[in-house]
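Taking it in order: structure first as structure tokens, then the write-up.
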Amino acid sequence: MNKENLTKEYKDIIYKIGYYRNKNNLSARDTSLQLGFSDSFINRIERYTVELKVSTLLKFMELVGITPFEFFYPNPENFAKDKEVFDLVMSLTPENKETIIDLAKKLKK
């Protein structure tokens with residue numbers, strides 16, 4: 001794998017693996033073994049020497065207890081609060097959603 005040719009998006013995905021590993025107090029070795037790979041597998045992914053497969057990424061998300069929506073969320077540190085707001089807005093009537101949008105626009109100024 002040529003590290004120079006990797007996209008920013010791919011590098012962001014690999015970064016998030018490390019972020020969620022650390023958040024869940026998992027070493028690269030423990031993560032590798034729990035996913036059913038050799039003890040250095042995650043280290044090799046994080047060093048870009050092995051290409052990450054979608055199936056491995058999905059297993060990893062299951063291991064750390066997150067959804068793809070949470071994993072790919074742009075700012076993982078704010079996910080819980082942003083999701084709370086999203087869930088509340090989704091439960092509103094269309095008229096109340098418009099009220100919230102108008103209020104948010106005013107607060108943004």
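Within the structure, ring pair (Phe, Tyr, Trp, His ring centres under 6.0 Å) contacts touching residues 22-45 (residues at least two apart or in different chains) are F37-F41. Pairs passing the ring pair (Phe, Tyr, Trp, His ring centres under 6.0 Å) check and including a residue from residues 87-107, sequence neighbours excluded, do not occur. Within the structure, salt bridge (charged side-chain N to carboxylate O under 4.0 Å, His left out) pairs that include any residue of residues 84-101 comprise K81-E84, K83-D87 (at least two apart or interchain).
Members clustered with V85: V89, L92, I100, by chain and number, using a 4.5 Å side-chain heavy-atom cutoff among hydrophobic residues.
Residues P74 and P76 share a closest heavy-atom pair of O-CD, 3.6 Å.
For D12, the salt bridge (charged side-chain N to carboxylate O under 4.0 Å, His left out) criterion is met by K8, not counting sequence neighbours. With sequence neighbours excluded, no residue forms a side chain to side chain contact (heavy atoms under 4.5 Å, CB included) with N22. Not counting sequence neighbours, the partners of S40 by the side chain to side chain donor-acceptor pair (under 3.5 Å) test are R44. Not a single side chain to side chain contact (heavy atoms under 4.5 Å, CB included) links T99 to another residue, sequence neighbours left out. Scored by the side chain to side chain donor-acceptor pair (under 3.5 Å) test, N96 finds T93 as partners (sequence neighbours excluded). Remark: Y73 engages F79 in a ring-ring contact (aromatic ring centres under 6.0 Å, His included) (not counting sequence neighbours). N24 pairs by the side chain to side chain donor-acceptor pair (under 3.5 Å) definition with nothing, not counting sequence neighbours.
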- Item | Worked check of side-chain contact (heavy atoms from CB on, under 4.5 Å) between Q34 and L26 | CA-CA 10 Å; Q34 288 188 46; L26 289 168; 3.6 Å; yes

Indicate every side-chain donor-acceptor pair of residues 52-69 with a distance under 3.5 Å to a residue at least two apart or in another chain.
| unit_1 | atom_1 | unit_2 | atom_2 | d |
| --- | --- | --- | --- | --- |
| T67 | OG1 | F69 | N | 3.4 |
| T67 | OG1 | E70 | N | 3.1 |

